[in-house]
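Just so you know, these numbers come straight off a predicted model, no measurement behind them.
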Amino acid sequence: MRRKLDFIDHQIISLLQANARMSLKDIASKVFLSSPAASARLEKLEREGYITGFHASINHEKMGYNIKAFITLAVDARLKEQFLDDMRQCRNVIECNCITGDYAMLLEVVYPDTESLERFVGKMQKYGKTQTQIVFSTAVEHRELSPALEIERAG
């Protein structure tokens, strides 16, 4: 059974989401704990899987990936495992989700140009029917779930 996080756990997670490089000393200070107590909390959050890693967010465009697209794929069930293995190996695939509906997979990909994207989509044809949408702009960037005690609902 999953334990319920308390207010301090939520604060630690929020601080790390805002700045994953924040020092343990600074975290402890902000949540009013000693450094050893904050460290124990942090280790427990990691061990229990609430915190799954620390990473740097990059600007894909500055890295030369000017095209972002979403690709839906009606993958042939017999090829699903091979498809998933290939997607895990492709660094241009930044997210791959199994979804409901007519298409079984939803990929988010980044490429330097439309020609590279077109070659990738062509390779996907061996797995099934694809549909591609190229992103013009992003109104809300990917963000982590706020560990607020109550989640605001849309609408």
Side-chain donor/acceptor of D76 to backbone N/O of G128, under 3.5 Å: no
Closest non-hydrogen atom pair, A74 against D102: CB-O, 3.8 Å
Distance flag, aromatic centroids of F120 and Y111, threshold under 6.0 Å: yes
side-chain contact (heavy atoms from CB on, under 4.5 Å) assessment of Q131 paired with I71: CA-CA 6 Å; Q131 187 176 34; I71 302 168; over 6 Å; no
Flag, side chain of S29 to backbone of K25, donor-acceptor distance under 3.5 Å: no
Reported CG-to-CG distance for the pair L42 and D9, which is rounded to 0.5 angstrom: 10.0 Å
Inter-residue atom distance D85.CG - C90.SG, 0.5 Å rounding: 13.0 Å
Partner of F83 by side-chain contact (heavy atoms from CB on, under 4.5 Å), out of R78, R88, M105: M105
Check: M87 and L73 side chains under 4.5 Å, non-hydrogen atoms: no
Joint cluster assignment, F32 & I8, ILVMFWY side-chain distance < 4.5 Å: no
T132 side chain reached by F70 side chain, heavy atoms, under 4.5 Å: no
N97 and E95: side chain donor to acceptor below 3.5 Å: yes
Verify same cluster id: I99, I94 (apolar side-chain graph, 4.5 Å): no
Heavy-atom closest contact (N66 atom, E61 atom, distance): OD1-O, 3.6 Å
Smallest separation among heavy atoms of V140 and T138, with atom names: O-CG2, 3.3 Å
Within 6.0 Å of CZ in F54, more than 12 heavy atoms from elsewhere: yes
Chi angles and distances behind the side-chain contact (heavy atoms from CB on, under 4.5 Å) call for V93, E108: CA-CA 6 Å; V93 175; E108 182 178 357; over 6 Å; no
Distance-only polar pair, side chains of S23 and D26, donor-acceptor under 3.5 Å: yes
Euclidean distance, M124 CE relative to L107 CG, rounded to 0.5 Å: 7.0 Å
Check against side-chain contact (heavy atoms from CB on, under 4.5 Å), L84 and V75: CA-CA 10 Å; L84 291 173; V75 68; over 6 Å; no
Euclidean distance, L24 CG relative to S39 OG, rounded to 0.5 Å: 5.0 Å
Minimum side-chain heavy-atom gap K30-Q11 below 4.5 Å: no
Rounded distance (nearest 0.5 Å) linking atom CG of L16 with atom CZ of R21: 13.0 Å
Minimum side-chain heavy-atom gap Y50-H10 below 4.5 Å: no
Transitive ILVMFWY side-chain link V135 to V110, under 4.5 Å: no
Donor-acceptor under 3.5 Å (S34 side chain, A37 main chain): yes
Separation of L45 CG from I51 CD1 (nearest 0.5 Å): 4.5 Å
Neighbour count above 12 (heavy atom, 6.0 Å) for Y103 OH: yes
Joint cluster assignment, V31 & L5, ILVMFWY side-chain distance < 4.5 Å: yes
I58 with Y65, same ILVMFWY side-chain cluster at under 4.5 Å: yes
Crowding at CD, E118 (>12 non-hydrogen neighbours, <6.0 Å): no
Working for side-chain contact (heavy atoms from CB on, under 4.5 Å), residues L33 and I27: CA-CA 8 Å; L33 291 176; I27 292 170; over 6 Å; no
